[in-house]
Visitor: 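Below is one structure. I have some questions about it.
These numbers come from the heavy atoms of this one structure, side chains and all, not from hydrogens, waters or symmetry mates.
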Amino acid sequence: MIEPIGNQYVVARPVYSTKAFDEEHKKKHRHHKTLLDHLKTWFRCSAQKAKRIALSLFPIASWLPAYRIKEWLLSDIVSGISTGLVAVLQGLAFALLVTIPPSYGLYAAFFPVIIYFFLGTSRHISVGPFPVLSMMVGAVVVRLTPIADTADPTVTNSSVANDSSLDDHKVMVAATVTILSGIIQLLMGVLQLGFVVIYLSESLISGFTTAAAVHVLVSQLKFILQLTVPAHADPFSIFKVLTSIFSQIEKTNIADLVTSLVILLVVFVVKEINQRYKAKLPVPIPIELIMTVIATAVSYGFDFKNRFNVAVVGEMESGFQAPIAPNVQTFRDTIGDCFGIAIVGFAVAFSVASVYSLKYDYPIDGNQELIALGVSNIFGGSFRGFAASTALSRSGVQESTGGKTQVAGLLSAVIVLIVILAIGFLLEPLQKSVLAALALGNLKGMLMQFTEIRRLWRKDKYDCLIWVMTFIFAVVLGLGLGLAASVALQLLTIVFRTQFPKCSTLANVGRSNIYKNRKDYSEMYEPDGVKIFRCPSPIYFANISFFKQKLIDAVGFSPLRILRKRNKALKKIRKLQKKGLLQVTLKGYICTVDGFKDSDEELDNDNIEELDQPINTTDLPFQIDWNADLPFNIMVPKINLHSLILDFSAVSFLDISSMRGLKMILQEFIRIQVDVYIVGTDDDFIEKLARCEFFDDEVKDSIFFLTIHDAVLHILMKKDYSTSKFNPSQEKEAKFDFTINTNGALRNRECQHLARESCYQKREPYQKPSAQLLDSELSPSFKGSSIGTEFKSDVQS
């Protein structure tokens, strides 16, 4: 019963062990579903299930019938036009990252949007080229291209055929990588593996995308400066590219450099204005479109290509090319890279989609997102596009300009389609350096993530380490290997944190049912002879040794060492008695000699397994107090611990290996007469121990208690305390002691001092107290509780 009293509460209930609580409250034995049960449910078919599957595979069927034409259509049209113009420019710019002709970037900005319109669950993200994925695909293209990309703006007639063949090969590699990445995403979606994104933490994604932004920055320098830079895809490639750039910096094309710097400056300034005044602007200023139109007109009007020898986009073929079949050999060579591309593409898209789903309160499905992105990439790769995800800036444009649904995305695809079919030729005079500048203009958000280091350092050192090491791995090793190394490091930090948990010793605070780390508070009550040890992590094969060592450090002794010392001493005592050197009287014992010598070496050479067995003194006519002085200078370490409480409230699981180790630890304590209690465990935890035959005559299932306070009160009742242990700050209250109140609380009573008896006592017949005596000594509320009944039974037996 709980009685509230102001801002306090009073609880009156019996002291419960887990077993007693289950029996008294009639715990149900539930049937846990097996793998076969789940498979039966999975393959069971019904009309409702078929409808649910159909709606999940085609989310458009759920939101399109509810489309509000009058309220949403105009906003979607404005958003679609704005997003489409940005998609055109980003498609052209990001194609340079893939090292393929810019016109193929339009295919990557068109086909994925169409597929996602029917299969996607997010209403606000804009699917298409993403700079990080473009860089990852470009690294694979460079590695599998037999002839290095020279990026030479001066192209002779004799090399046109070779360049065309080289471009075709690059497009084939990019398309094949995209198709395989789409297949991986599709299979993961079908197999319901959308949860893999949880292995990419926010810190890892932030560090990785920042490193990718650095790679993009370095890769675009050759277009901004118009230099001939050999492509590299191996580890440390970024340093080789920088070396090549600085070794020929004097060959920089000034016209391209000036144009790029002007474009970058204007784009950064206007983007800052858009960000600062976004609440006042009806729509963001389309600065990329404005600068593209101006740059194209100036390049065409002043004939930059011939006058200043600048590199331009060149011929833009109108219409679509026939789909291509992927190269099977490329599949085998790029499976690892494609897996990384698939994971990163899904992680970025799902992260952005999650932001908008929370903002506008609608659900998204990770597995369906995998299917949508997978089919989008398969379809886009078949039509010579490259890997698609979502760009944060492009999605931001779609949402900030009023986009309500993927109708805006469909209309943006229409804008791209118009450019592909009709007006693409107008972009032919556009300088590649302008596209490179526009690509760098979209990196501001990712480069600003360097500020995360300071924030993470203050909040969590492990997350800061993950961010920094992910950035270093991705920059030095490349994006593919860097991602794999970063994930491995992140998982290693998790293992490290669970392998070396911050175990602590608890004590009572405020003389209530609250137990905290004894190092954190000054006014603590710690029952004499009781130690409360807390482990805040799972216990498994990697940390069971650490757990054991921390427990030994907390109690101050090794139970196995004490056990072996006592068994050795017991052997010596038996020899004394056998030789008649130790005689027992009614008042104690009499030693018949002044000294006794025995070979410790002889005992040490005994079978060590015998010393690890439980101490058996039933054949002796006296009891042994192991904390008293033993005869003939027999030395055994003394311990003042009689009860150990293990707080397992934070232990979520226990594997087979650690289960054996835990049982050995419990047996070692029990064999030296230290009672062990485990508190706070989940019912599944105990059920697993029972299934694995953890319990026996020594380790019983009665050691489990609901809370620490239940275990402490049980110990106090069992030991019939007369003294308590106080901290130095409590010495002024040393005349008081704690004992059990019948309502389960702690109360004070006068301290009683008991004289220590001899370490050897003649065993006297035990006289059972009568039932009348027990009834007169015990309170009615205690006698009526389950623990009281058990207590009376134990005393009388």
Visitor: Enumerate, atom names and distances included, each donor-acceptor pair closer than 3.5 Å involving a side-chain atom of residues 659-669, sequence neighbours excluded.
Guide:
unit_1	atom_1	unit_2	atom_2	d
Lys663	NZ	Phe694	O	3.0
Lys663	NZ	Asp696	OD2	3.0

Visitor: Provide the closest heavy-atom pair for Arg566 versus Gln673 in the form atom of the first, atom of the second, distance.
Guide: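 Answer, listing the atom of Arg566 first, then Gln673: NH1-OE1, 4.5 Å.
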
Visitor: Is there side-chain contact between Leu641 and Ile672, with heavy atoms separated by less than 4.5 Å?
Guide: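 They are not in contact (no side-chain heavy atoms under 4.5 Å apart), so the answer is no.
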
Visitor: Working to the nearest 0.5 Å, report the span between CG of Asp675 and NZ of Lys718.
Guide: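 Nearest 0.5 Å value for the CG-NZ distance: 4.0 Å.
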
Visitor: Mind listing the closest non-hydrogen atom pair of Pro538 and Val651 along with its distance?
Guide: CA-CG1, 4.3 Å

Visitor: Before giving the answer on side chain to side chain contact (heavy atoms under 4.5 Å, CB included), spell out for Ile615 and Trp626 the whole-Å C-alpha distance, their side-chain angles and the decisive distance to 0.1 Å.
Guide: CA-CA 11 Å; Ile615 299 173; Trp626 295 106; 4.2 Å; yes

Visitor: When you compare the side chains of Asp647 and Ser649, does any donor N or O come within less than 3.5 Å of an acceptor on the partner?
Guide: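 A donor-acceptor contact under 3.5 Å links the two side chains.
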
Visitor: Answer whether the closest heavy-atom distance between the side chains of Ile624 and Leu570 falls below 4.5 Å.
Guide: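 Heavy-atom side-chain distance check passes, below 4.5 Å.
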
Visitor: Can you check whether Asp701's main-chain N or O pairs, donor with acceptor, with Lys19's side chain at less than 3.5 Å?
Guide: no

Visitor: With a 4.5 Å heavy-atom cut-off, do Val487 and Leu491 have their side chains touching?
Guide: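 With C-beta onward as the side chain, the pair touches.
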
Visitor: Where the side chain of Ser486 meets the backbone of Gly482, is there a donor-acceptor pair that is under 3.5 Å apart?
Guide: yes

Visitor: Which is it for Leu456 and Asp460 under the side chain to side chain contact (heavy atoms under 4.5 Å, CB included) test, yes or no, and what are the steps along the way?
Guide: CA-CA 5 Å; Leu456 291 174; Asp460 192 308; 5.9 Å; no

Visitor: Can you find a pair of side-chain heavy atoms, one from Arg564 and one from Asp612, that are under 4.5 Å apart?
Guide: yes

Visitor: Going through the distances and angles, do Thr618 and Asn616 end up as a side chain to side chain donor-acceptor pair (under 3.5 Å)?
Guide: CA-CA 6 Å; Thr618 55; Asn616 184 7; 2.8 Å; yes

Visitor: When you look at CZ of Arg574, are more than 12 heavy atoms from neighbouring residues, nucleotides or ligands closer to it than 6.0 Å?
Guide: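 Above 12, so yes.
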
Visitor: For Lys502, does the NZ atom sit with more than 12 other heavy atoms under 6.0 Å from it, leaving out its own atoms?
Guide: no

Visitor: Within the supplied structure, the quantity of interest is the number of heavy atoms (other residues, nucleotides, ligands) at a distance under 6.0 Å from Lys565 NZ; does it exceed 12?
Guide: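 No, the 6.0 Å shell around NZ holds no more than 12 heavy atoms from other groups.
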
Visitor: Under 3.5 Å, side chain of Asn567 to main-chain N/O of Gln613, donor-acceptor pair present?
Guide: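 A pair under 3.5 Å: yes.
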
Visitor: Mind checking what makes ring pair (Phe, Tyr, Trp, His ring centres under 6.0 Å) contact with Phe471, not counting sequence neighbours?
Guide: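 For Phe471, the residues satisfying ring pair (Phe, Tyr, Trp, His ring centres under 6.0 Å) (neighbours in sequence not counted) are Phe450, Trp467.
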
Visitor: Show me, pair by pair, the donor-acceptor contacts under 3.5 angstrom made by side chains of residues 544-554, not counting sequence neighbours?
Guide:
unit_1	atom_1	unit_2	atom_2	d
Gln549	NE2	Asp553	OD1	3.0

Visitor: Rounded to the nearest 0.5 Å, what's the gap from CG on Leu483 to CD1 on Ile205? Could you check?
Guide: 9.5 Å

Visitor: Give, for atom CZ of Phe704 and atom OG of Ser17, the distance between the pair rounded to the nearest 0.5 Å.
Guide: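 Between Phe704 CZ and Ser17 OG, I get 11.0 Å after rounding to 0.5 Å.
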
Visitor: When you check the gap from the basic side-chain N to the acidic O, do Asp710 and Arg13 get nearer than 4.0 Å?
Guide: yes

Visitor: Please walk me through it: do Lys568 and Lys571 pass side chain to side chain contact (heavy atoms under 4.5 Å, CB included)?
Guide: CA-CA 5 Å; Lys568 286 182 180 180; Lys571 286 189 175 184; 5.8 Å; no

Visitor: Looking only at non-hydrogen atoms, find the nearest pair between Val699 and Ile703 and report the distance.
Guide: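 Closest approach of Val699 to Ile703: CG1-CD1, 4.2 Å.
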
Visitor: Minimum heavy-atom separation for Cys535 to Ala650, with atom names?
Guide: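 Closest approach of Cys535 to Ala650, heavy atoms only: O-CB, 3.9 Å.
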
Visitor: Check each of His714, Glu24, Glu23 against Tyr16 using the side-chain hydrogen bond (donor to acceptor under 3.5 Å, both in side chains) test, and report the only one that passes.
Guide: Glu24

Visitor: Heavy-atom count around Gln192 CD within 6.0 Å, excluding the residue itself: above 12?
Guide: yes

Visitor: What's the spacing between Thr505 OG1 and Asn517 CG if we round to 0.5 Å?
Guide: 7.0 Å

Visitor: When you measure from the centre of the six-membered ring of Trp457, is the NZ or CZ of Lys459 under 6.0 Å away and within 45° of the axis?
Guide: no

Visitor: Donor-acceptor pair, Asn627 side chain versus Lys638 backbone, under 3.5 Å?
Guide: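 Not confirmed, Asn627 side chain does not pair with Lys638 backbone.
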
Visitor: Using only atom types and a distance under 3.5 Å, with no angle test, would you say the side chain of Asn508 pairs donor to acceptor with the backbone of Tyr525?
Guide: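 No.
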
Visitor: For the CG atom of Leu204 and the OG1 atom of Thr493, what is their distance to the nearest 0.5 Å?
Guide: 9.5 Å

Visitor: With Lys531 as reference, evaluate Leu506, Leu644, Val674 under the side-chain contact (heavy atoms from CB on, under 4.5 Å) test and give the passing residue.
Guide: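 By the side-chain contact (heavy atoms from CB on, under 4.5 Å) criterion, Lys531 pairs with just one of Leu506, Leu644, Val674: Leu644.
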
Visitor: Could you go step by step and tell me if Ser203 and Thr470 meet the side chain to side chain contact (heavy atoms under 4.5 Å, CB included) rule?
Guide: CA-CA 9 Å; Ser203 301; Thr470 298; over 6 Å; no

Visitor: Is the shortest side-chain heavy-atom distance between Tyr540 and Gln499 below 4.5 Å?
Guide: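 Sidechains of Gln499 and Tyr540: in contact.
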
Visitor: Taking Gln490 for its side chain and Ser201 for its backbone only, find out whether a donor-acceptor pair lies under 3.5 Å.
Guide: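 Such a contact is found between Gln490 side chain and Ser201 backbone.
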
Visitor: Between atom OG1 of Thr707 and atom CG of Asn513, what is the distance when rounded to the nearest 0.5 Å?
Guide: 7.0 Å

Visitor: What are the two closest heavy atoms between His709 and Ser512, and how far apart are they?
Guide: CE1-O, 3.4 Å

Visitor: Check whether any side-chain heavy atom of Ile715 sits under 4.5 Å from a side-chain heavy atom of Ile645, and report yes or no.
Guide: yes

Visitor: Compare all side-chain heavy atoms of Ser658 with those of Phe541 and state whether any distance is below 4.5 angstrom.
Guide: no

Visitor: What I'd like to find out is whether the side chain of Tyr515 reaches to under 4.5 Å of the side chain of Val712, using heavy atoms alone.
Guide: yes

